[in-house]
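Everything on this sheet refers to the single structure shown next.
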Amino acid sequence: IYHDADCDGAGNNTVAMWVFDSDKPSTTATSDLDGDGRCNYNARLNATPGRIFPTSATWRMYCGVAAGWVSVDLTLKEAVVPVVGRSTVINSATRGGIVTSVAVLSLAIMRD
C-alpha cells in the first residue's frame with residue numbers, strides 16, 4: 001500500500017490515491033511510484049488532501065474479468081507477525097471482520 005500523487009507520471013491525473021499494488025514502490029520518485037507509466041494496480045482509494053490514511057474506507061478493487069472493478073469496504077488493522085525470530089509490524093486487511101492472508105504478507109517480508 002502506498003500513496004501516489006500521479007499514478008502514470010504524465011501529470012494528467014488530478015486525484016492522488018492510495019494504491020494496493022504488487023509492484024514495489026520507489027522511495028525516491030514523486031509520481032508513478034511503481035514506474036510502469038500506467039495507472040495499473042489491484043485497488044485504489046482516492047486520497048483526500050490534508051487527511052491521513054483512513055483505516056476504514058470503500059476501495060475500488062479489480063476482481064478479475066468477470067466482476068471487473070467493484071467497491072469493497074476494507075478495514076486495515078495493525079498486526080504483529082513473528083518472522084525469523086523477530087516481530088514485524090504489518091497492516092492486514094479485513095473484509096466483513098475476516099482477516100485476509102497474513103501468511104502471504106509475512107512471506108513477502110522474509111524475502112526482503
Side-chain angles (χ1 to χ4, degrees):
I1 300 174
Y2 57 89
H3 182 269
D4 202 334
D6 183 5
C7 60
D8 64 5
N12 298 326
N13 297 306
T14 58
V15 178
M17 62 185 73
W18 292 97
V19 177
F20 270 96
D21 197 356
S22 57
D23 298 322
K24 186 175 181 178
S26 167
T27 57
T28 57
T30 57
S31 64
D32 188 22
L33 299 189
D34 62 1
D36 66 0
R38 303 177 306 164
C39 293
N40 187 23
Y41 41 78
N42 300 42
R44 76 165 188 279
L45 174 65
N46 290 349
T48 303
R51 295 202 54 209
I52 61 171
F53 178 76
T55 56
S56 217
T58 301
W59 290 69
R60 293 292 293 164
M61 183 175 288
Y62 186 70
C63 293
V65 177
W69 288 94
V70 297
S71 295
V72 178
D73 292 326
L74 291 178
T75 298
L76 302 176
K77 295 182 180 182
E78 190 173 284
V80 178
V81 178
V83 179
V84 191
R86 61 189 166 96
S87 292
T88 304
V89 176
I90 61 170
N91 284 328
S92 61
T94 63
R95 180 176 182 204
I98 300 171
V99 177
T100 59
S101 180
V102 173
V104 172
L105 294 171
S106 64
L107 289 173
I109 292 168
M110 288 192 306
R111 285 185 299 162
D112 291 341

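Each residue takes its place number in the sequence, starting with 1. If you're wondering where the values come from, they're calculated on a predicted model, not measured in any experiment.
Considering every non-hydrogen atom in both R38 and N40, the closest pair reads NH2-ND2, 2.8 Å. For the pair G37 and D8, the tightest heavy-atom approach, listed with the atom from each and the gap, is O-CB, 3.6 Å. Residues C63 and A67 share a closest heavy-atom pair of O-CB, 3.7 Å. The two residues W69 and A43 make their nearest non-hydrogen contact at CZ3-CA, 4.3 Å. Considering every non-hydrogen atom in both S31 and G9, the closest pair reads OG-CA, 3.7 Å.
A continuous path of hydrophobic side-chain contacts links L74 to W18 [ILVMFWY only; heavy atoms under 4.5 Å]. No path of Ile, Leu, Val, Met, Phe, Trp and Tyr side chains, each step under 4.5 Å between heavy atoms, connects L45 with M17, placing them in separate hydrophobic clusters. Under the 4.5 Å side-chain heavy-atom criterion for Ile, Leu, Val, Met, Phe, Trp and Tyr, F20 and V70 are members of the same hydrophobic cluster. Hydrophobic clustering keeps W59 apart from V15 (ILVMFWY residues linked when any side-chain heavy atoms are closer than 4.5 Å, directly or through intermediates). In the hydrophobic clustering of ILVMFWY residues, with side-chain heavy atoms under 4.5 Å counting as a link, Y41 and V65 come out together.
Remark: side-chain polar atoms of D6 are paired, donor with acceptor, to backbone N or O of G11 under 3.5 angstrom.
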TODO: Before giving the answer on side-chain contact (heavy atoms from CB on, under 4.5 Å), spell out for Y2 and V19 the whole-Å C-alpha distance, their side-chain angles and the decisive distance to 0.1 Å.
DONE: CA-CA 5 Å; Y2 57 89; V19 177; 3.9 Å; yes
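No side-chain heavy atom of C7 sits under 4.5 Å from any side-chain heavy atom of D32.
Separating the CG atom in D21 from the CD1 atom in I1 is a distance of 11.0 Å, to the nearest 0.5 Å.
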